[in-house]
Protein chains: 2
Amino acid sequence: MSSPIEDRCLQKGLKMTEQRRVIARVLSEANDHPDAAEVYQRAADLDPRISMATVYRTIRLFEDCNVLERLNFGDGRVRYEEASREHHDHLIDVKSGKIIEFQNTEIERLQREVAREFGYELVDHRLELYGIPLSGKQTASEEQ
Amino acid sequence: MSSPIEDRCLQKGLKMTEQRRVIARVLSEANDHPDAAEVYQRAADLDPRISMATVYRTIRLFEDCNVLERLNFGDGRVRYEEASREHHDHLIDVKSGKIIEFQNTEIERLQREVAREFGYELVDHRLELYGIPLSGKQTASEEQ
DNA sequence: TTATTTGCAAACTCTTTGCAAGCAA
DNA sequence: TTGCTTGCAAAGAGTTTGCAAATAA
């Protein structure tokens, strides 16, 4: 039983050890944005033969292979998510910590425009919105 | 000779030591986005009686008083800039590391709209654009 | 078989903290 | 004077690395 991340590693010719398979599965199955310690926790639950050092080495390997994306919401923890998924930005609920993923093509278009105004071609961007729930309103998402 | 940050600290009733005055001046005079080590370097050049611990404590103090803003461009270094200045976002030249500050009210409006769609009131945001210079073009800014 | 990967523990980097001495108000 | 601030060195948190044993291909 392989995971999407494992498949991408195989395509790239990486040697797949049991530890890497487990970590790939943890990351593929994560619907949230775990940090290294959380990845280790979940991987160790599946297979206790995994060490923290291997988690760090594997995370870095996956990053270098562009199968994993590093997130940094400025709270001191580096978090990760699968990189193969469709592009999106993040809306963070500052009360609960809940993270909502969204896309907005109009904002993306304006970003390219801003970059071009300054003489640049946009190659990447990072957009995070921080919000508090509107009073008396149900939030529009149930994602974690 | 006081600096804008020192003035704001005095308004807030902070006890101003020589160390705090020097660090405030370093931060007020910085046109770039120094990290803690760079702040220490510049402060120690002005007054060798300053320790790294004091730099960290003072940076935190200034942050808590909202005279200093924490930046995180995802390169593993936490950087700072004076918080009293007008709001802006950052365009990072990935070739040279140059950082350009910009404002775009249309993007900001769309951000509030996105947040509201999900049932949130936008309280903060972080937007960073990463670009490479358009070939054959002069970049539109000389800022560092 | 053999080059790569792993676990362990030590090392490293960045940041925070306890404490006695120093200083601003 | 007196409570806040400092420098120092030690402690923490998070991450990386050297090395011998284990393992995928």
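Remember, predicted model here, so these are calculated numbers, not experimental data.
B/H33 and B/E81 share a side-chain donor-acceptor pair at under 3.5 Å.
Sorted by first and then second residue, the ring-ring contact (aromatic ring centres under 6.0 Å, His included) pairs with a member in residues 37-70 of chain A form an empty list; sequence neighbours excluded.
At whole-Å resolution of the value, CE in A/M52 and C1' in D/dT16 are 11 Å apart. Atom CD of A/E18 is separated from atom C1' of D/dA25 by 16 Å (rounded to the nearest Å). As rounded to whole Å, 11 Å separates atom P of D/dT6 from atom CZ of B/R21. Rounded to whole angstrom, the span from the OH atom of A/Y56 across to the P atom of D/dG18 amounts to 18 Å. Regarding B/K12, its NZ atom lies at a distance of 19 Å from the P atom of D/dC4, rounded to whole Å. Nucleotide D/dC4 holds its P atom 16 Å from the CG atom of B/D64, rounded to whole Å.
Residues satisfying the side chain to side chain contact (heavy atoms under 4.5 Å, CB included) criterion with A/I132, sequence neighbours excluded, are A/V94, A/K95, B/E121, B/V123. With sequence neighbours left out, the side-chain hydrogen bond (donor to acceptor under 3.5 Å, both in side chains) criterion links B/D45 to no other residue. The side-chain hydrogen bond (donor to acceptor under 3.5 Å, both in side chains) check on B/R57 picks up nothing, with sequence neighbours excluded. When the side-chain hydrogen bond (donor to acceptor under 3.5 Å, both in side chains) test is applied to A/D35, the partners found at least two apart in sequence or on another chain are A/R77. B/E108 is linked by a side-chain hydrogen bond (donor to acceptor under 3.5 Å, both in side chains) to B/H87, B/H125, counting only residues two or more places apart in sequence or in another chain. For B/R109, the side chain to side chain contact (heavy atoms under 4.5 Å, CB included) test picks out B/E106, B/R112, B/E113, with sequence neighbours left out. By the salt bridge (charged side-chain N to carboxylate O under 4.0 Å, His left out) test, B/D124 pairs with no residue at all, sequence neighbours left out.
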Donor-acceptor contacts under 3.5 Å from residues 13-20 of chain A side chains, at least two apart:
unit_1 : atom_1 : unit_2 : atom_2 : d
A/T17  : OG1    : A/R20  : N      : 3.2
A/R20  : NH1    : A/K15  : O      : 2.9

Contacts under 3.5 Å, N or O only, protein and nucleotides 10-13 of chain D:
none

Contact list (N/O, under 3.5 angstrom) for nucleotides 9-13 of chain C vs protein:
none

At a cut-off of 3.5 Å, list every protein nitrogen or oxygen paired with a nitrogen or oxygen from nucleotides 1-6 of chain C, distance to 0.1 Å.
unit_1 : atom_1 : unit_2 : atom_2 : d
C/dT4  : O4'    : A/K15  : NZ     : 3.2
C/dT5  : OP1    : A/R20  : NH1    : 3.0
C/dT5  : OP1    : A/R20  : NH2    : 3.2
C/dT5  : O5'    : A/R20  : NH2    : 3.3
C/dT6  : OP1    : A/T17  : OG1    : 2.9
C/dT6  : O3'    : A/Q19  : NE2    : 2.8

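A salt bridge links B/R42 with B/D32; the closest basic N to acidic carboxylate O contact falls under 4.0 Å.
For the pair B/A36 and B/M16, both in contact range of DNA chain C, the more 5′-proximal nearest nucleotide belongs to B/A36.
Nearest to the side-chain atoms of A/R60 among the listed nucleotides D/dT15, C/dT17, D/dT16 stands D/dT16.
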